[in-house]
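If you're wondering where the values come from, they're calculated on a predicted model, not measured in any experiment. A note on names: the letters A, B, ... follow the listed sequences, proteins ahead of strands, and every chain is numbered from 1. These values consider heavy atoms only, across backbone and side chains, with no hydrogens, waters or symmetry-generated copies.
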Number of protein chains: 2
Amino acid sequence: MTTAPAAVPAPVPSETETAAQRARRARIISATLALASRGGYEAVQMREVAERSEVALGTLYRYFPSKVHLLVSAMASEVDQLSQRLQKRQPPGKTRAERVSFVLERSTRSLLRDPLLTEAMVRAMMAADATVAAEVNAVRQGMSDLIVQAIRGDDGEQEHDVELAAILQDVWFARQIAWLGGRIEAADVWRDIHLAIGLVLPDD
Amino acid sequence: MTTAPAAVPAPVPSETETAAQRARRARIISATLALASRGGYEAVQMREVAERSEVALGTLYRYFPSKVHLLVSAMASEVDQLSQRLQKRQPPGKTRAERVSFVLERSTRSLLRDPLLTEAMVRAMMAADATVAAEVNAVRQGMSDLIVQAIRGDDGEQEHDVELAAILQDVWFARQIAWLGGRIEAADVWRDIHLAIGLVLPDD
DNA sequence: TGAAATACTAGAACACGTTCCTGTTTCTGG
DNA sequence: CCAGAAACAGGAACGTGTTCTAGTATTTCA
């Protein structure tokens with residue numbers, strides 16, 4: 001607990017970022033994803049990330065003030081991509097439950113395909129403290145948008161749609177944690193989520 | 001990764017435990033709760049726990065093979081107490097939602113009263129890997145029993161009661177995580193859980 | 001353009017979870 | 001009661017996240 005130094009760090013990607021800085025940030029995220037994909041949370045070692053992205057350790061910490069920030073940011077970028085792919089068209093299905101199942105099934109499958117990467121990112125999400133709130137919210141907002149869109153279908157806003165999406169997202173994360181914790185099998189993740197969708201979104 | 005030593009450790013409280021060993025285990029848990037209550041997860045330092053419980057560091061690790069094991073075990077013992085207090089009589093309320101609200105409100109309030117202790121325990125629950133599955137399941141089982149009992153009321157088994165309890169427990173944990181992560185206020189924890197109860201357990 | 005501010009590199013240093021080692025005490029079976 | 005086994009004490013040592021320092025390169029702006 002020393003007094004704060006004069007210099008203000010640049011934790012957030014600002015719009016006044018030089019090309020070299022954008023490139024560094026991209027290299028860092030890329031190295032992080034590669035390491036996580038190969039060995040999960042523990043394989044993402046800050047020294048190794050710095051070395052692979054050809055950046056000094058101190059610089060890595062200037063861009064991402066902790067390992068958790070780094071991994072949550074990586075997840076945000078992944079959810080962003082997933083979201084862009086899925087939001088191109090309305091999810092198919094006649095009922096809310098069918099549409100949400102479609103979206104969450106695709107999301108779940110996409111994550112479980114790279115279990116170690118998912119382990120690293122989800123673990124970071126759960127370990128996040130208040131200093132990472134912004135990054136965590138970005139991830140949750142991305143997921144929430146997907147689910148809310150599926151709940152609404154073509155009918156527009158519905159009562160409690162945002163709250164229902166939050167519940168489903170909570171279950172979605174919790175089931176992944178249970179899987180990471182070795183308490184359920186990968187196959188059960190989807191079964192449990194599907195079951196929750198049916199219970200939370202009964203057909204009218 | 002060395003070959004395993006011949007001696008079998010004693011991770012689980014066996015029934016052939018000497019009185020001195022039971023006392024050591026109790027001292028360790030007690031020191032853990034005290035430290036966590038004062039300073040949260042990071043204040044529970046293994047050297048400090050060992051010192052306060054008058055046990056060598058190696059011995060601490062013989063009883064609890066990691067910090068996460070230690071904290072999850074502490075939570076199991078707390079949930080046990082909570083459960084015994086709450087299960088004395090049927091929770092009041094005419095509807096499922098009312099009874100579950102009663103139980104979860106008491107549980108939530110009981111936890112939020114000691115925020116740092118809760119932070120330590122919940123964080124450990126989320127950080128648990130497969131080696132802690134047994135301890136984590138003990139905690140979840142205790143909570144699940146409470147909720148299922150509340151859903152059933154005097155009417156006995158109901159369709160999907162266990163699955164509904166699991167969903168509510170997922171939301172319950174997730175909302176606490178959100179609070180720990182500085183994304184929602186303490187007051188919102190209960191509001192969100194209450195909202196989820198209403199949505200998941202509609203009056204018949 | 002030149003000087004101050006900022007960003008970056010390289011690497012040492014620190015903190016805490018975890019492991020390991022050595023010697024002593026306590027328990028258990030005969 | 002005795003010998004071997006298991007448990008414990010005390011403490012050194014290691015790994016990885018994080019911080020800090022000193023020196024160099026780059027950017028900013030008057």
* **Sidechain-backbone polar pair: B:S53 side chain, B:V55 backbone, donor-acceptor under 3.5 Å** =>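 The answer is no, because no donor-acceptor pair under 3.5 Å joins these two groups.
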* Return the set of residues passing ring-ring contact (aromatic ring centres under 6.0 Å, His included) with A:H160 (not counting sequence neighbours), or none when no residue passes. =>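 For A:H160 there are no ring-ring contact (aromatic ring centres under 6.0 Å, His included) partners, ignoring immediate neighbours.
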Listed partners of [X] passing side chain to side chain contact (heavy atoms under 4.5 Å, CB included), at least two apart:
X: A:R175; answer: A:V171, A:A178, A:I184, A:V189, A:D192, A:I193, B:R140, B:D170
X: A:E42; answer: none
X: A:A76; answer: A:V139
X: B:A186; answer: B:L112, B:W179

* To do: Give a yes or no on whether a salt bridge exists between B:D188 and B:R191, defined as a side-chain N under 4.0 angstrom from a carboxylate O.
  =>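 Yes, B:D188 and B:R191 are salt-bridged.
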* **Salt-bridge present (A:E48, A:R52; N to O < 4.0 Å)** =>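 Yes.
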* Asked: Hey, does the side chain of A:Q21 come within less than 4.0 Å of C:dC8's phosphate (OP1/OP2), counting only N and O?
  ->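 Affirmative; the distance criterion is met.
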* Is B:Y61 near enough to D:dC8 that one of its side-chain N or O atoms lies under 4.0 angstrom from OP1 or OP2? ->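 It does not, given that no N or O in the side chain of B:Y61 lies less than 4.0 Å from OP1 or OP2 of D:dC8.
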Distance, rounded to the nearest Å, where [X] contributes [atom1] and [N] contributes [atom2]:
X: B:K67; N: C:dT19; atom1: NZ; atom2: P; result: 15 Å
X: A:F64; N: D:dT19; atom1: CZ; atom2: P; result: 16 Å
X: A:R62; N: D:dT19; atom1: CZ; atom2: C1'; result: 14 Å
X: A:E51; N: C:dG11; atom1: CD; atom2: C1'; result: 13 Å

* Asked: Is there any side chain to side chain donor-acceptor pair (under 3.5 Å) pair reaching into residues 73-91 of chain A, and which pairs are they, with sequence neighbours excluded?
  ->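 Those involving residues 73-91 of chain A do not exist here.
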* To do: Mind listing the residues from residues 29-48 of chain B sitting with a heavy atom below 4.0 Å of DNA chain C? Number order is fine.
  =>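 Per residue number, the list reads B:V44, B:Q45, B:M46, B:R47.
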* Looking at DNA chain C, which of residues 124-131 of chain B put a heavy atom within less than 4.0 Å of it? ->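 The stretch gives none, as no residue of it lies under 4.0 Å from the strand.
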Pairs: protein N or O with nucleotides 9-11 of chain D N or O, under 3.5 Å:
residue	atom	partner	partner atom	Å
D:dA9	OP2	B:A56	N	2.7
D:dA9	OP2	B:T59	OG1	2.7

* Under the salt bridge (charged side-chain N to carboxylate O under 4.0 Å, His left out) test, which residues partner A:R27, sequence neighbours left out? ->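 Scan of A:R27 (salt bridge (charged side-chain N to carboxylate O under 4.0 Å, His left out), adjacent residues dropped) gives none.
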Solution key, residues 115-128 of chain B side-chain donor-acceptor pairs under 3.5 Å, sequence neighbours excluded:
residue	atom	partner	partner atom	Å
B:T118	OG1	B:L111	O	2.6
B:T118	OG1	B:D114	O	3.1
B:E119	OE1	B:Y41	N	2.8
B:E119	OE2	B:R123	NE	3.0
B:R123	NH1	A:A127	O	2.8

* Asked: When you look at CD of A:E51, are more than 12 heavy atoms from neighbouring residues, nucleotides or ligands closer to it than 6.0 Å?
  ->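 No, the 6.0 Å shell around CD holds no more than 12 heavy atoms from other groups.
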* Asked: For the helix from C:dT1-D:dA30 to C:dG30-D:dC1, what is the angle between the axes at its two ends, each from 5 pairs, rounded to 10°?
  ->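 The end axes of the helix from C:dT1-D:dA30 to C:dG30-D:dC1 are about 20° apart, to the nearest 10°.
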* side chain to side chain contact (heavy atoms under 4.5 Å, CB included) assessment of B:E157 paired with B:D161 -> CA-CA 7 Å; B:E157 200 165 332; B:D161 49 10; 3.8 Å; yes
